[in-house]
Each structure stands twice: as C-alpha cells, then as structure tokens.
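A short write-up of the structure that comes next.
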Amino acid sequence: MPPEALRAVDVRKVYHGRGSPDVEALRGVSLVLRRGERIALLGRNGAGKTTFLRIASTLLIPTSGQIEVFGHDVVSTPETVRPLIAVVPQEGKPFFHLTPREQVYCYLRARGLPREEAKARTEASLEKMGLDDVADRLSVTLSGGQKQRAMVATVLATEAPLLFLDEPTIGLDPFARRAVWDVLRDLTRKGCTVLLTTHYLDEAEALSERLYIVEEGAILFEGTAEGAKRQIGGTLRVSIENGGNHREQFASFGQSVEEGNALHVIMEPARVHEIMDVALREHLSATVGPVTLEEAFLTIVGRSIDAE
C-alpha cells in the first residue's frame with residue numbers, strides 16, 4: 001500500500017443549472033492524507049467541504065482532477081475503494097425501523113464481518129457512544145443527539161482504513177463529543193486515517209494533526225493549528241485596555257486590531273515582557289491570552305466560520 005491514504009490532485013466540480021449560472025463548488029483542490037493521520041477540513045457552509053467528501057467517497061463524479069484512496073482511483077475503480085472507507089454523512093439518520101444495536105450489527109455484516117466479530121464490535125461501539133440504555137429502542141423514537149450517536153457508532157465500529165466524517169458531532173452534548181474524539185484517537189493509533197469536517201474550531205484544534213481551510217472551493221491554508229496562528233503573526237494576544245490612542249507605541253510588537261477602546265496585539269511569546277513594560281509605563285491595563293484558531297480562521301478567510 002502507498003504511504004498516502006488519500007491523494008487529491010486539482011479536483012474541480014462545476015454544477016450546471018438550467019437557466020442559471022454555473023456553480024463552481026471546487027476550484028482545483030489538492031491535498032494529501034498520510035496513513036494514520038487525523039485531518040480536519042474547515043470552511044463555512046457552501047465552501048465545498050461536503051462536495052469534496054462526496055467525491056472522495058465515490059458518491060459524486062468530479063468535473064476534472066483525480067482522487068486516489070490507497071492508490072485506487074475513486075472514479076475508475078469505486079468497487080475497490082468502497083471496502084476501504086466508511087462515511088458519516090452530514091445529517092445522516094439511522095434506519096427508523098431498526099434499533100441502534102441492529103443498525104450497527106447489520107452494517108458490519110453487510111461489509112462482510114463474521115457474526116461474532118460484528119457482535120463484539122457492535123457492543124463495544126454502542127458502549128463507547130453511551131447508547132447502552134437505548135440500544136434496543138427503535139431509532140424513530142430516539143432524540144436527534146441519540147440518532148447522531150448511532151450513526152457515528154455505526155461507522156466507527158467498521159474500523160475502516162479511511163473514515164470520512166462530515167460534521168460528526170453536530171447536535172451532540174460535550175460529553176458525547178469527547179467520546180467521539182477519544183474513539184477517533186484510538187482508531188488512528190490502530191492505523192486508521194480520519195478526514196472530518198467540522199464547524200467546531202475547538203474540535204478541529206483538539207483533534208486534528210493537520211488541517212485544511214477551504215473557502216469558495218479553494219484551499220487557503222494547509223498546516224497545523226499552531227501554524228495557522230503563526231501565519232497571522234503569533235500565538236499570543238495581548239489586550240490593552242484603552243490602548244487605541246497609543247497604537248503607534250505598540251506597532252513594533254505585531255499585528256494590532258482595535259475593538260472599541262481596546263487594542264489587541266498578536267505576537268510571539270518572546271517579547272511579551274517588553275510590551276507589558278510599555279503598557280505599565282503608560283499606566284495601561286493589559287492581559288495576555290492565547291490566540292484562538294477562530295481568530296486565525298477569521299484572518300485567513302476574512303470572515304467568521306459561521307458567516308453566511
């Protein structure tokens with residue numbers, strides 16, 4: 001097997017509408033997932049994340065470009081690719097007439113797992129997702145969060161070499177989200193590769209080893225969360241109360257942004273003592289905190305991840 005679990009080269013997708021302009025959902029996306037990595041694909045609604053996942057999982061044909069999964073082309077050899085992947089689709093729902101236990105077990109059996117192994121994985125997955133108490137209830141009677149956990153449990157139980165998760169923790173409470181994180185970390189330790197999309201930037205930072213930021217169908221950034229922060233000038237934010245009138249005195253320390261009367265300076269840790277000395281000399285109150293991935297995303301994309 002090649003070292004890459006997935007390789008995408010110049011992938012483009014254009015949707016042609018009747019009597020309306022064409023929509024270019026992907027504009028030359030290229031990315032690589034190495035085996036055993038957890039990668040986050042970040043972007044606003046409509047940025048192209050789901051379109052990419054649908055192409056990579058053999059559900060959609062690209063207009064041009066190529067995606068290979070473990071060396072197999074997803075367009076010309078989808079029957080070879082499908083046993084190597086498993087997908088949690090965005091807003092997917094379990095079969096309403098099955099219980100979570102039946103849902104997970106039947107899916108594993110359909111993928112060719114022997115009865116005993118399918119049974120053991122089903123029980124383990126339901127336990128990890130906290131579904132023991134509702135495992136034998138029809139899915140139609142479950143809450144939205146319980147249905148989402150059942151979908152995640154179904155896919156994680158496969159332990160497929162490559163997992164695609166499109167907003168897997170949407171609607172989950174904080175405890176369930178962290179249960180998903182723990183399972184994904186465990187699976188990558190076993191050699192699985194994970195590509196997930198998420199709107200939760202804390203999730204992307206906590207879970208991903210690398211991330212890609214996509215906007216309007218194009219990759220704007222590739223690297224680590226720390227790398228994204230450094231790209232905007234540093235990993236620390238110094239907030240100076242009433243610092244707006246003293247902006248020139250803080251200009252040499254890094255990129256600064258005014259918010260009301262406050263001045264926020266993005267900088268590296270090495271000069272923090274210097275900027276605090278300046279603030280003290282000017283009798284200004286200053287606080288220090290880490291730059292967040294949300295601030296990096298906002299600077300790179302030019303708008304919030306929740307902006308329409």
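- Between A160 and C192, the closest heavy-atom pair is O-SG, 3.2 Å.
- Remark: E167 engages no residue in a salt bridge (charged side-chain N to carboxylate O under 4.0 Å, His left out) (not counting sequence neighbours).
- Hydrophobic clustering of Ile, Leu, Val, Met, Phe, Trp and Tyr side chains at less than 4.5 Å, counting indirect connections, keeps I55 apart from V14.
- Not counting sequence neighbours, the partners of S256 by the side-chain contact (heavy atoms from CB on, under 4.5 Å) test are R247, L263, V265.
- For S139 (side chain) and L98 (main-chain N/O), a donor-acceptor pair under 3.5 Å exists by modelled atom type.
- How far CD of Q66 is from OG of S30: 10.5 Å, rounded to the nearest 0.5 Å.
- Side-chain contact between V272 and F253 is absent, with no heavy atoms from C-beta onward closer than 4.5 Å.
- Among all heavy-atom pairs drawn from L162 and A5, the shortest one is CD2-O, 4.1 Å.
- Both I39 and L6 belong to a single network of hydrophobic side chains, linked directly or stepwise wherever heavy atoms of I, L, V, M, F, W or Y lie under 4.5 Å apart.
- Here I85 contributes atom CD1 and T193 contributes atom OG1; the two are 12.5 Å apart, rounded to the nearest 0.5 Å.
- The two residues K147 and K93 make their nearest non-hydrogen contact at CD-CD, 4.2 Å.
- In terms of heavy atoms, S57 sits closest to V87 at CB-CG2, 3.7 Å.
- Clustering of Ile, Leu, Val, Met, Phe, Trp and Tyr by side-chain heavy atoms under 4.5 Å joins F96 with L138, V140.
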Determine, step by step, whether L201 and T292 satisfy the side-chain contact (heavy atoms from CB on, under 4.5 Å) criterion, reporting the C-alpha distance in whole Å, the side-chain angles of both residues, the deciding distance to 0.1 Å, and the verdict.
CA-CA 9 Å; L201 292 172; T292 65; over 6 Å; no
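- A salt bridge does not link D277 to R281: none of the charged nitrogens lies less than 4.0 Å from a carboxylate oxygen.
- Looking only at side-chain heavy atoms (C-beta outward), K13 and F52 stay at 4.5 Å or farther from each other.
- Across T154 and Y107, no two heavy atoms sit closer than the pair CG2-CD2, 3.4 Å.
- Through direct or indirect side-chain contacts shorter than 4.5 Å among Ile, Leu, Val, Met, Phe, Trp and Tyr, I170 is connected to Y200.
- Residues R38 and T188 bring a donor and an acceptor atom of their side chains to less than 3.5 Å of each other.
- Residues R177 and D202 have side chains in contact (heavy-atom distance under 4.5 Å, counting atoms from C-beta outward).
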Apply side-chain contact (heavy atoms from CB on, under 4.5 Å) to T58 and V75, showing your working.
CA-CA 7 Å; T58 77; V75 174; over 6 Å; no
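- Side chains of R12 and T63: a donor-acceptor N/O pair is absent below 3.5 angstrom, by distance only.
- At a threshold of 4.5 Å between non-hydrogen side-chain atoms, the residues I275 and I240 count as touching.
- Connection of L293 to V288 is not established within any shared hydrophobic cluster, with ILVMFWY side chains joined at heavy-atom distances below 4.5 Å, either directly or through further cluster members.
- Under the 4.5 Å side-chain contact rule for hydrophobic residues, F297 and V29 do not share a cluster.
- Between D173 and R178 there is no salt bridge, since no side-chain N of the basic residue sits under 4.0 Å from a carboxylate O of the acidic one.
- Of the charged side-chain nitrogens involved, at least one lies within less than 4.0 Å of a carboxylate oxygen, so that R7 and E4 count as a salt-bridged pair.
- Atom-to-atom distance recorded for Q231:CD and T224:OG1 is 10.5 Å, nearest 0.5 angstrom.
- How far CG of L31 is from CG of L211: 12.0 Å, rounded to the nearest 0.5 Å.
- Annotation: the span from I266 atom CD1 to L236 atom CG amounts to 9.0 Å, rounded to 0.5 Å.
- Residues passing the ring pair (Phe, Tyr, Trp, His ring centres under 6.0 Å) test with F95 are H97, sequence neighbours excluded.
- More than 12 heavy atoms of other shown residues, nucleotides or ligands fall within 6.0 angstrom of atom CG in D22.
- Side-chain contact check for D136 and T99: no donor-acceptor pair (N or O, by modelled atom type) lies under 3.5 Å.
- Under the 4.5 angstrom side-chain criterion for Ile, Leu, Val, Met, Phe, Trp and Tyr, the cluster partners of L108 are V88, V104, L113, L126, M129, L131, V134, L142, V152, V155, L156, L163, L165, L172, V180, W181, V183, L184, L187, V194, L196, L207.
- Qualifying salt bridge (charged side-chain N to carboxylate O under 4.0 Å, His left out) partners for R27, counting only residues two or more places apart in sequence or in other chains: none.
- Judged as a salt bridge (Lys or Arg N to Asp or Glu O under 4.0 Å), not a single pair has a partner in residues 58-74 (not counting sequence neighbours).
- A chain of hydrophobic side-chain contacts below 4.5 Å, direct or via other Ile, Leu, Val, Met, Phe, Trp or Tyr residues, connects V278 to V238.
- Inspection of the D166 and T50 side chains reveals an N or O donor paired with an N or O acceptor under 3.5 Å.
- Evaluation of the salt bridge (charged side-chain N to carboxylate O under 4.0 Å, His left out) rule for E117 yields R121 as partners, not counting sequence neighbours.
- For H264 and S239, the side-chain atoms include at least one donor-acceptor pair closer than 3.5 Å.
- Contacts of R230 classified as side chain to side chain donor-acceptor pair (under 3.5 Å), with partners at least two apart in sequence or in another chain: none.
- With hydrogens and angles ignored, the 3.5 Å screen pairs a side-chain donor or acceptor of R137 with a backbone N or O of T141.
- Considering only heavy atoms from C-beta on, R237 stays 4.5 Å or farther from M267 through its side chain.
- By the 6.0 Å contact criterion, NE2 on H16 is enclosed, its count of non-hydrogen atoms from other residues, nucleotides or ligands being greater than 12.
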Evaluate T169 against E203 for side-chain hydrogen bond (donor to acceptor under 3.5 Å, both in side chains), listing each step before the verdict.
CA-CA 9 Å; T169 62; E203 178 168 88; 2.7 Å; yes
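- Separating the CD atom in E205 from the CD atom in E294 is a distance of 11.0 Å, to the nearest 0.5 Å.
- Residues P100 and Q146 have side chains not in contact (no heavy-atom distance under 4.5 Å, counting atoms from C-beta outward).
- The side chain to side chain donor-acceptor pair (under 3.5 Å) check on K128 picks up nothing, with sequence neighbours excluded.
- For R210, the side chain to side chain donor-acceptor pair (under 3.5 Å) criterion is met by E37, Y212, E222, not counting sequence neighbours.
- Residues E123 and R101 form a side-chain contact, since some pair of their non-hydrogen atoms from C-beta on lies under 4.5 Å apart.
- A 4.5 Å side-chain heavy-atom check between E226 and T235 finds at least one atom pair inside the cut-off.
- The two residues K49 and G43 come nearest to each other via the heavy atoms NZ-O, 2.9 Å.
- K229 has no carboxylate O lying under 4.0 Å from a charged side-chain N of E295, or vice versa, which leaves the two without a salt bridge.
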Check against side-chain contact (heavy atoms from CB on, under 4.5 Å), S252 and R271
CA-CA 10 Å; S252 65; R271 300 188 65 197; 4.0 Å; yes
